[in-house]
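Source: prediction; values computed, not measured. Residue numbers count from 1 along this sequence. Remember, it's 1-based here, ligands and their atoms both numbered in the order they're listed.
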Amino acid sequence: MGFAMSRTILITGGAGYIGSHTAVALLEQGYSVVIVDNLCNSSPQAVKRIAELGRNEVAFIQADVADHEALSKVFDEYPIEAVIHFAGLKAVGESVEQPLMYYRTNLGTTMTLLEVMAEHEVWDLVFSSSATVYGDPEVLPIPEGAPTGPTNPYGRAKLMVEDICRDLAASDPRWRIALLRYFNPVGAHPSGDIGEDPTGPPNNLVPFVMQAAVGRRDKISVFGDDYNTPDGTGVRDYIHVIDLALGHLAALSHISEGCREFNLGTGTGASVLEIISATERISGNKLNYEIVGRRAGDIATSLADPTRANTELEWRADRAMETMLQDAWHWQSKNPNGFTD
Ligand code: NAD
Ligand code: UFG
């Protein structure tokens with residue numbers, strides 16, 4: 001298998017959207033990859049395609065990351081040097097309805113992982129945080145030093161995990177932790193073989209628009225056109241999932257003692273209407289949309305200041321919005337029903 005030959009990285013939640021792209025990027029760079037995922041929001045098909053695209057074997061263990069015994073066995077079996085921790089639940093609305101499930105899963109997986117890492121003396125961790133920890137920002141673009149103030153249980157659990165990591169790193173200098181605050185990941189691998197495949201109607205804009213373009217959704221609801229933005233619709237800092245994946249590789253190679261937060265975004269934004277019209281052009285299909293009321297909890301604008309990641313991680317998100325939507329469309333049109341086909 002070659003696991004002793006190259007650096008072995010454990011990816012929790014590696015069958016998911018961002019994890020699968022990161023796994024391929026790691027394989028391409030010669031890392032050995034071990035994935036632990038309970039497949040609660042992903043498909044075994046994704047694992048197969050990761051291995052095909054990365055032209056290498058992947059060790060896959062179907063298990064709950066909160067299961068101490070199962071996770072410990074993985075660390076006994078593979079020479080894991082670092083962990084990228086994606087596993088968790090991510091639907092903001094669902095977290096408002098089922099807060100306990102979100103706190104239990106997103107804190108529980110992380111606590112078990114950190115305990116098992118310490119027991120096996122593995123100290124390097126890259127964690128999937130989110131721009132949602134900033135809440136409604138006071139300054140734009142948002143630097144890492146901006147005040148935090150998440151507005152829902154999902155975001156509060158992310159901030160709690162960040163706090164746990166900061167406390168842990170302060171307690172023991174062996175820990176090296178990078179907290180990556182993602183802005184809005186979109187797009188897919190340029191092969192069109194892996195991509196975002198949400199279960200049920202997508203909550204997020206780009207997957208919804210792509211499903212509309214492929215004929216799976218009749219109408220797009222635009223949540224408000226009365227925001228203080230150029231066209232009145234929400235502006236977000238969309239980042240290509242491949243750039244995001246490469247951000248994890250940069251974090252792994254530049255990780256240093258302690259715990260440090262990094263924004264992963266482009267620093268530029270696009271509005272809801274811009275996304276819809278670009279997708280019409282790229283897909284060649286007319287899209288049906290309707291302006292409806294604002295979605296509870298949404299903000300007008302979210303934009304990253306990615307300077308810290310640019311300088312300290314020597315990383316930059318340089319794929320353009322056009323590429324993000326082209327790649328998302330390629331994935332969606334090649335796999336109209338996601339991994340179900
Ligand atoms: P995803 O749902 O596609 O991937 C998460 C993976 O974790 C899935 O494969 C799921 O099956 C697995 N999982 C969930 N609970 C698990 C458990 N208890 N044990 C083992 N596996 C488990 O989501 P994604 O978009 O790839 O997000 C990855 C991470 O990035 C998440 O932590 C998410 O909160 C964070 N994040 C995502 C976004 C985004 O917009 N996609 C933005 C900011 C942060
Ligand atoms: N939007 C619509 N219609 C839709 C879906 C979204 O108009 O059907 C609008 C939203 O109002 C917002 C923009 O499109 O203005 C983007 O919305 P998304 O749901 O795609 O993304 P969010 O910025 O709301 O949130 C996402 C993730 C969060 C994460 C955050 C920052 O869902 O988990 O990015 O990383 F925290």
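Protein residues lining ligand 2, listed by chain and number: Val92, Ser130, Ala131, Thr132, Tyr154, Tyr182, Phe183, Asn184, Asn203, Asn204, Leu205, Ser221, Val222, Phe223, Gly234, Arg236, Tyr238, Val272, Arg295, Asp298 [non-hydrogen atoms, distance under 4.0 Å].
Comment: Arg308 engages Glu261 in a salt bridge, judged by a side-chain N to carboxylate O separation of less than 4.0 angstrom. For the pair Glu69 and Lys73, the salt-bridge criterion is not met [side-chain N within less than 4.0 Å of a carboxylate O]. Between Arg174 and Asp172 a salt bridge is recorded (basic side-chain N to carboxylate O distance below 4.0 Å).
From Leu179, atom CG reaches atom OG of Ser129 across 6.5 Å, with rounding to the nearest 0.5 Å. Rounding to the nearest 0.5 Å gives a distance of 12.0 Å between CD of Glu77 and OG1 of Thr8.
Closest protein heavy atom to atom 22 (C) of ligand 1: Asn38 OD1, 3.1 Å. Nearest to atom 2 (O) of ligand 1 among the protein's heavy atoms is Asn41 ND2, 2.7 Å. Nearest protein heavy-atom contact of atom 37 (C) of ligand 1 is Ile18 CD1, 3.8 Å. Given atom 31 (C) of ligand 1, the protein heavy atom at minimum distance is Phe86 O, 3.2 Å. The protein heavy atom nearest to atom 24 (P) of ligand 1 is Lys90 NZ, 3.8 Å. When hydrogens are left out, the protein atom nearest atom 40 (O) of ligand 1 is Pro185 CD, 3.3 Å; that is the closest non-hydrogen contact.
The list of salt bridge (Lys or Arg N to Asp or Glu O under 4.0 Å) pairs with a residue in residues 266-281, not counting sequence neighbours, reads Glu280-Lys286, Arg281-Glu322.
Considering each of Ser20, Ser128, Gly16, Ser129, the one bringing a non-hydrogen atom nearest atom 44 (C) of ligand 1 is Ser129. The closest non-hydrogen atom to atom 18 (N) of ligand 1, taken over Val161, Leu244, Leu113, Asp64, comes from Asp64. If you check each of Tyr154, Tyr102, Tyr17, Tyr238 against atom 3 (O) of ligand 1, the one with the closest non-hydrogen atom is Tyr17.
Considering both main-chain and side-chain atoms, Leu89 never comes within under 3.5 Å of ligand 1 through any nitrogen or oxygen pair. At a 3.5 angstrom cut-off on N or O pairs, Ser42 counts as close to ligand 1. Polar contact with ligand 1: present for Val65 (N/O pair, distance under 3.5 Å).
Arg236 and Asn204 share no side-chain donor-acceptor pair at under 3.5 Å. Looking at Tyr182 and Ser128, their side chains do bring a donor and an acceptor atom within 3.5 Å of each other.
Looking at Val36, Val65, Val161 one by one, the single match for side-chain contact (heavy atoms from CB on, under 4.5 Å) with Thr109 turns out to be Val65.
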His68 vs Thr112, test: side chain to side chain donor-acceptor pair (under 3.5 Å). Steps then yes/no. CA-CA 6 Å; His68 194 288; Thr112 301; over 6 Å; no
Begin with the C-alpha distance, continue with both residues' side-chain angles, and end with the deciding distance and a verdict on side chain to side chain donor-acceptor pair (under 3.5 Å) for Ser302 and Asp237. CA-CA 6 Å; Ser302 170; Asp237 186 331; over 6 Å; no
Salt bridge (Lys or Arg N to Asp or Glu O under 4.0 Å) evaluation trace for Glu162 with Arg166: CA-CA 6 Å; Glu162 285 201 0; Arg166 283 184 281 263; 3.0 Å; yes
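Using a non-hydrogen distance threshold of 4.0 Å, Ala63 registers as a contact of ligand 1. Within the 4.0 Å heavy-atom shell around ligand 1 one finds Lys158.
In summary, the aromatic rings of Phe262 and His254 are positioned with their centroids too far apart to meet the 6.0 Å limit.
Under a 4.0 Å criterion applied to the non-hydrogen atoms of Cys40, ligand 1 contributes the atoms 10 (C), 11 (O), 13 (N), 14 (C), 15 (N). With ligand atoms numbered from 1 in the order given, ligand 1 contributes 17 (C), 18 (N) to contacts under 4.0 Å with heavy atoms of Thr109.
When non-hydrogen atoms are compared, ligand 1 lies under 4.0 Å from the backbone of Leu39 (N, CA, C, O) but not from its side chain. Heavy atoms from both the backbone and the side chain of Asp37 come within less than 4.0 Å of ligand 1. At a heavy-atom distance under 4.0 Å, no atom of Ala66 approaches ligand 1.
Following chains of ILVMFWY side-chain contacts shorter than 4.5 Å, one cannot reach Val186 starting from Val24, and the two form parts of different hydrophobic clusters.
Taking 4.5 Å as the limit, every side-chain heavy atom of Asp327 sits out of range of all side-chain heavy atoms of Leu325.
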